[in-house]
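Working notes, beginning with the structure itself.
Below, all heavy atoms of this structure are taken into account, side chains as well, without hydrogens, waters or symmetry copies. Throughout, protein chains are lettered first and strands after them, A, B, ... in sequence-line order, and every chain is numbered starting at 1.
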There are 2 protein chains.
Amino acid sequence: MENLKDLKKLALFKGCSDQDIARMKNCFKAEIASFEKGEVIINQSSKANRVYLIVKGEANVEHEDMFGNIAIILNLKAGDFFGLEEAYADKNTYKDALVSAEKSIVASFDRQKIISPCSNNCLCHQILAKDMMKMISARSLALTDKIKHLSQRGIKDKVLSYLETQSRIAGASYFDIPFNKTELANYLAVERSALSTVLGKLKKEGTIDFDKKRYHIKIKKEEE
Amino acid sequence: MENLKDLKKLALFKGCSDQDIARMKNCFKAEIASFEKGEVIINQSSKANRVYLIVKGEANVEHEDMFGNIAIILNLKAGDFFGLEEAYADKNTYKDALVSAEKSIVASFDRQKIISPCSNNCLCHQILAKDMMKMISARSLALTDKIKHLSQRGIKDKVLSYLETQSRIAGASYFDIPFNKTELANYLAVERSALSTVLGKLKKEGTIDFDKKRYHIKIKKEEE
DNA sequence: CCCTATTTGTTGCAAAAACAACAAAACTTA
DNA sequence: TAAGTTTTGTTGTTTTTGCAACAAATAGGG
């Protein structure tokens, strides 16, 4: 099982021995699978009986509304979970889909095993449980951040709000974002072409610069 | 301490005796205060060293952006927490303010005491810890719901998305929402006057009806 | 390296939302 | 109940966005 290497790289399992991980995999009824870009890992509205862990690559949490519009709710990276909230809040269907954003490896675990205390007394299970809390909290804060972007009036303010947050996270005025233009439009819930126009304008104005997925905030907007 | 009565009403403390609650209050360094409508319970950007519990009434999580626009992120009711995520994710400032939405009673606890295991072995502390996970998960799902509303193109779709969710939660086509029109506009991040126009149109069309904070979805939009 | 698929930029037009300003209605409270 | 405050509705103007269609640029695969 060469996937063990990828698992061990995750901060989540730091300090766990191979045996620990092997035992946990068994304990949680783990399964590991790999996906190509664009492949659906788990469908919207399907039964929520597993919890997914991105082991390698990236995946997007997506929601399709009644008109067929796709919204990218969140971008998940290695170490991030999908489905934990449903498990803990006792919801039995996922309200969103998980879609591989690039070549990825995803582990999944039995929902019930994850949320209930381990009978086997796995060495890492306690650590894991503690981390869960932290991860869900971080997710919650990330969602709040996103709401802040979406709450901006106008595409210009939305995109600047997003880019400033990304810049702050990166701790630099140059930074990469996980979205191409089409995906960024989906993430910000605006028209792709309109976003393109606004980005072009901001570039011409000299406020920002960008190339591919790399951005640069040249003029920092002042906080209130 | 007559506030004890209010605390005991919360699902969170069901099955806890007065002594249990008294011990927990001591253990968590609890403080209780009451607030009028519009009063700021805790300011945006202030030090996040306490966790707040709405004991009675309602409060809104609000965010003011760099242009002075107020966004209502979330409406909290009795039993809901504020600041838990910051505690668990180890953030030291609140990114939002908590504002009393009506006459309310709010308890606050020492952040550190909440997130670390209790040395006194309070009877309810374990239960509390378990509920925390559930609450944060539920919050996360609620935020995802809101993102879905905000992701809709156009005010009409936003407000219908919101009202349908509220209707589903209430389990009826008649239901009350916690916002007046101004607050609803802030929650949906749109112009109040534009929202007013759209609501009027929907009422004239016969899609919905409303009076004060009571709404009625007359024609149900079909899911995809 | 060429062919194809995807991504990105551009434009014009129609529709919608922001904004501002004001009037009517409802709610407070003295 | 009268005065003042807040909420809600209305309207006209300006700006922005959505939408559709197309062209250019880029990436990916054989």
- Go along nucleotides 15-24 of chain D 5' to 3' and tag each nucleotide: B for a protein heavy atom under 4.0 Å from its base, S when only backbone or sugar atoms are that close, - otherwise. --SSBB----
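Between B:Lys212 atom NZ and C:dA25 atom C1' there is a gap of 10 Å when expressed in whole angstrom units. Straight-line distance from the CZ atom of B:Phe210 to the P atom of C:dA26: 13 Å, rounded to whole Å. Atom C1' of nucleotide C:dA17 and atom CG of B:Leu150 are separated by 15 Å, given to the nearest angstrom. Put simply, CG on B:Leu202 is 15 Å from C1' on D:dG9, counting in whole angstrom units. Between B:Lys158 atom NZ and C:dA17 atom P there is a gap of 8 Å when expressed in whole angstrom units. Taking atom CG of B:Leu184 as the reference point, atom C1' of D:dT7 lies 13 Å away to the nearest angstrom. Spacing between atom CG of A:Asn180 and atom C1' of D:dT26 amounts to 12 Å, rounded to whole angstrom units. For A:Ile177 and C:dT8, the CD1 to C1' distance is 13 Å, given to the nearest whole Å.
In this structure, A:Lys213 places its NZ atom where more than 12 heavy-atom neighbours from other residues, nucleotides or ligands lie under 6.0 Å away. Remark: A:Lys91 NZ is loosely packed, at most 12 non-hydrogen atoms of other residues, nucleotides or ligands lying under 6.0 Å away.
A donor and an acceptor atom, one from each side chain of B:Ser140 and A:Glu85, are located under 3.5 Å apart. Using modelled atom types, one finds a donor on one side chain and an acceptor on the other under 3.5 Å when comparing B:Tyr174 with B:His216.
A salt bridge does not link A:Asp209 with A:Arg214: every distance from a Lys NZ or Arg NE/NH1/NH2 to an Asp or Glu carboxylate oxygen is 4.0 Å or more. For B:Asp131 and B:Lys134, the salt-bridge test fails: no basic side-chain N is under 4.0 Å from an acidic carboxylate O. Salt bridge status for B:Lys212 with B:Asp176: absent, with no side-chain N to carboxylate O gap under 4.0 Å. Salt bridge annotation for A:Arg111-A:Asp90: present, with a cationic side-chain nitrogen under 4.0 angstrom from a carboxylate oxygen. Ion pairing of A:Asp80 with A:Lys77 is absent here, as no side-chain N (NZ or NE/NH1/NH2) approaches a carboxylate O to less than 4.0 Å.
Between C:dT7, D:dT8, C:dG9, one nucleotide has an atom nearer to the side chain of B:Thr182 than all others, and that is D:dT8.
In the helix from C:dC1-D:dG30 to C:dA30-D:dT1, the rotation axis of the first five pairs and that of the last five pairs differ in direction by 60°, rounded to 10 degrees.
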